Colleague: 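Mind looking over this structure? Questions follow.
Letters go in sequence order (proteins before strands), and every chain restarts at 1. Just the heavy atoms: all of them, side chains too, but no hydrogens, waters or symmetry mates, feed the values below. In this text the structure is predicted, and so the values were computed from the model without any measurement.
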Protein chains: 2
Amino acid sequence: MKKQITISEIANELKLSKTAISFVLNGKGREMGISEQTQKKILQHLEHINYIPNVSARGLRTGKTKTIAMMVEDISDPFFSSIARVVEEIAYTKGYKILFSSTENDSQRARDLIQVFRRRQVDGYIIAPPPCIEPEISELLDDGLAVVLFDRTLPTLKVDNVLVDNFQSSYNGIKHLINNGYENIAMISLISEQIQMVERHRGYQTVMDEVNKQYIIKSVVYHDAVADNISILQNFFIENSHIDAVFFTTNYLAESGLEAIRNLNLRIPDDLGVIVFDDDKLFRLFTPSITAIAQPISEISTQAVKLILMSLTNKGFKTTAQNVLLKTALQIRESSQPRKNTHE
Amino acid sequence: MKKQITISEIANELKLSKTAISFVLNGKGREMGISEQTQKKILQHLEHINYIPNVSARGLRTGKTKTIAMMVEDISDPFFSSIARVVEEIAYTKGYKILFSSTENDSQRARDLIQVFRRRQVDGYIIAPPPCIEPEISELLDDGLAVVLFDRTLPTLKVDNVLVDNFQSSYNGIKHLINNGYENIAMISLISEQIQMVERHRGYQTVMDEVNKQYIIKSVVYHDAVADNISILQNFFIENSHIDAVFFTTNYLAESGLEAIRNLNLRIPDDLGVIVFDDDKLFRLFTPSITAIAQPISEISTQAVKLILMSLTNKGFKTTAQNVLLKTALQIRESSQPRKNTHE
DNA sequence: TCATCTTATTAAACCGTTTTAGGAAACCAA
DNA sequence: TTGGTTTCCTAAAACGGTTTAATAAGATGA
């Protein structure tokens, strides 16, 4: 095990003080009146020996770890992993590293994770919050930690967040189905009080109200066995044979739903139009391709990192919570093509 | 900003020494001869005030950070993100956190990342190595750090790894196509010297040799623009119209390939059988569903964590590098159905 | 009773940085 | 020559744990 080179050793070698090395190392040479000559000497030596500072020591002294925790529902979900990818990349350029973790949308898990992150003294948190986590988030804020929520928010808290317009997106999606001649549109969703889901529901309901149609809603429990969901949805489709289109409120549900549809040998879009909230790289390659409401992954990530870095640097200048609201893009594909039989 | 409670404060409150608190905190109470009574008192107090130790301080003294770096090609790739999910979960139960990052299979990026991780004094590394990274990995090993490679390995290094049998998997997949009557099987792959790719190629070539068929190979550059790849592959299919099946050596290529096939209006499997290395949750929902060679995500993850934890705890007992070789599962679906026209 | 051995506890050093408070040398003005 | 500025640099104290070496008190044995 090779011993790490320390600042003291460098100081000895160069016949200078630790202080001088540290100043130069942190770019405070000029400010602290270290001569150009000495600075150059130190920098060259640091470069030459490929000095690697000890972050634990630095963290201990400064209280900062240059680490951001990112808590999402499921890091293996393509929506979240894509965001993670971009967030990691941007944060890296600013000297931050990201600790990712999956909450499974379970508040107890999330609480445990926050506890772990606190031990590790992460500087900031980017969170897609599960329900009932307000007290813990609130505590983070009280303790002056940087927090940014995304994908969903906690309306009772004053906290930065970056969201998409779930209501409008959902509204536009359903409207698109209506415009294409679909009449009996079902919504498959999760049993959830979370704001993003509520808004998506509201988008659906608003359109249905506008066109004077009955809601046809099936909600399932999050993270029940996939097989269970498939059969539940199959039964739902069988019992509601008048449905001519279906709106899945998340990509996770679409997976089960598309399988149910396939098992029943229903043809898309002739028997059933389909639209999904959240796009997937492969949806455009389906036969027929699947219409989806695509969230702006890259922009969500960029904004989240931007906000967290602002909080991190502007410590204390916290005036008011920032709310970033982004637009989605309706990717119109074959699964929602204009309905033929009703027009013939 | 709430002040963190420190061991010294606890010691004062309880009229004990920091030492005693520390011993009990680390479960060394018995060993160090702290009386049952005192231990209980300390533990209760720790629980009561919800003490959160400062990891920087601990890390500084012990040199351990309880952190593992995980470097993959692309954390947004479902294969890697699924593994990440499981790894994170298992490591968490052992008190470790994972720092994820994407190398883009670029060795310079990987080098930079390793540098960053070294600063952070991560205890171990789980890596899907890009090419030409041997020197850096070697250095990690020399410095006594725990390293586990997965998905691919560096044959010149003595290092733990967990791999799948790329040759056999690929062989079985192609054999399956042959058995189903396909004759002119193309392989779409990446220009790569990496062992996992070489093995997959070898599997293809071996079968083709056995049945006395010409290789039909198209290799593209990693991470060229997707649109470019699509048109390259379209041209390839047009120029080689005798091809009746295609083997994509990674899911990443399948994405472009399936789009090319779709653009050309080729029917799967009638015009073209398809098989992909790496499964995707959605492949089974395609119409027709896509045959894939599925890697055992969960087992890969479990084994990788197991190996890294062994290295981490058995410090110095390093006798010899462990090689774990896992089997894949050929998920036979509609895209490789027995060929009709040749049998009629 | 004195030396010895446990048992229960702790003082102090240490890990490698950052930062505060100050100090030496050189220069300048009067 | 004295006192005041600059300019350049440093000693030493933190940060909050872990660990080593030591010690006080009580028990044991001869």
Colleague: Just checking, any donor-acceptor pair under 3.5 angstrom between side chains of A/Gln108 and A/Arg111?
Modeller: yes
Colleague: Give a yes or no on whether a salt bridge exists between B/Glu73 and B/Arg109, defined as a side-chain N under 4.0 angstrom from a carboxylate O.
Modeller: no
Colleague: Rounded to the nearest angstrom, tell me the gap between atom CG in A/Asn12 and atom P in C/dG16.
Modeller: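 Checked: the CG to P distance equals 13 Å.
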Colleague: May I have the distance from B/Ile5 (atom CD1) to D/dC15 (atom P), rounded to whole angstrom?
Modeller: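 Those two atoms, CD1 and P, are 16 Å apart.
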Colleague: Determine the sole option in A/Asp160, A/Ile126, A/Asn161 for which the side-chain contact (heavy atoms from CB on, under 4.5 Å) test with A/Leu149 is passed.
Modeller: A/Asn161
Colleague: At under 4.0 Å between heavy atoms, what does B/Thr38 touch on the DNA or RNA strands: base, sugar-phosphate, or nothing?
Modeller: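 Sugar-phosphate contact only.
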Colleague: Rounded to whole angstrom units, what separation is found between the CG atom of B/Leu46 and the P atom of D/dG17?
Modeller: 11 Å
Colleague: May I ask you to decide whether A/Glu89 forms a salt bridge with A/Arg85, counting only side-chain N to carboxylate O separations under 4.0 Å?
Modeller: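 Salt bridge: yes.
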Colleague: Let me know the distance between NZ of A/Lys64 and P of C/dT17, rounded to the nearest Å.
Modeller: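 These atoms are roughly 19 Å apart.
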Colleague: Within this structure, what is the CD1-CD distance for the pair B/Ile42 and B/Gln39, rounded to the nearest 0.5 Å?
Modeller: 7.5 Å
Colleague: Whole Å only: how far is the CD1 atom of B/Ile10 from the P atom of D/dG17?
Modeller: 7 Å
Colleague: Rounded to whole angstrom units, what separation is found between the CG atom of B/Leu14 and the P atom of C/dT9?
Modeller: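 Taking CG of B/Leu14 and P of C/dT9, I get 12 Å after rounding.
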Colleague: Using distance alone, with no hydrogens and no angle criterion, decide if B/Asn50 and A/Arg118 have a side-chain donor and acceptor under 3.5 Å apart.
Modeller: no
Colleague: Distance check: side-chain N/O of B/Tyr51 vs OP1/OP2 of D/dG16, anything under 4.0 Å?
Modeller: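 So the side chain of B/Tyr51 is outside the cut-off, no N or O lying under 4.0 Å from OP1 or OP2 of D/dG16.
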Colleague: Could you go over nucleotides 18-23 of chain D and give all protein N or O partners under 3.5 Å, atom names and distances?
Modeller:
{"residue": "D/dT18", "atom": "OP1", "partner": "B/Asn26", "partner atom": "OD1", "Å": "3.2"}
{"residue": "D/dT18", "atom": "OP1", "partner": "B/Asn26", "partner atom": "ND2", "Å": "3.1"}
{"residue": "D/dT18", "atom": "OP1", "partner": "B/Arg58", "partner atom": "NE", "Å": "2.9"}
{"residue": "D/dT18", "atom": "OP1", "partner": "B/Arg58", "partner atom": "NH2", "Å": "3.3"}
{"residue": "D/dT18", "atom": "OP2", "partner": "B/Ser22", "partner atom": "OG", "Å": "2.6"}
{"residue": "D/dT18", "atom": "OP2", "partner": "B/Asn26", "partner atom": "ND2", "Å": "3.3"}
{"residue": "D/dT18", "atom": "O2", "partner": "B/Arg61", "partner atom": "NH1", "Å": "2.8"}
{"residue": "D/dT19", "atom": "OP2", "partner": "B/Lys28", "partner atom": "NZ", "Å": "2.7"}
{"residue": "D/dT19", "atom": "O4", "partner": "B/Thr19", "partner atom": "OG1", "Å": "3.3"}

Colleague: Send over the distance from A/Leu60 CG to D/dA13 P, rounded to a whole Å.
Modeller: 17 Å
Colleague: Grab the CD1-P distance between B/Ile34 and C/dT7 for me, whole Å please.
Modeller: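 In whole Å, C/dT7 P and B/Ile34 CD1 are 13 Å from each other.
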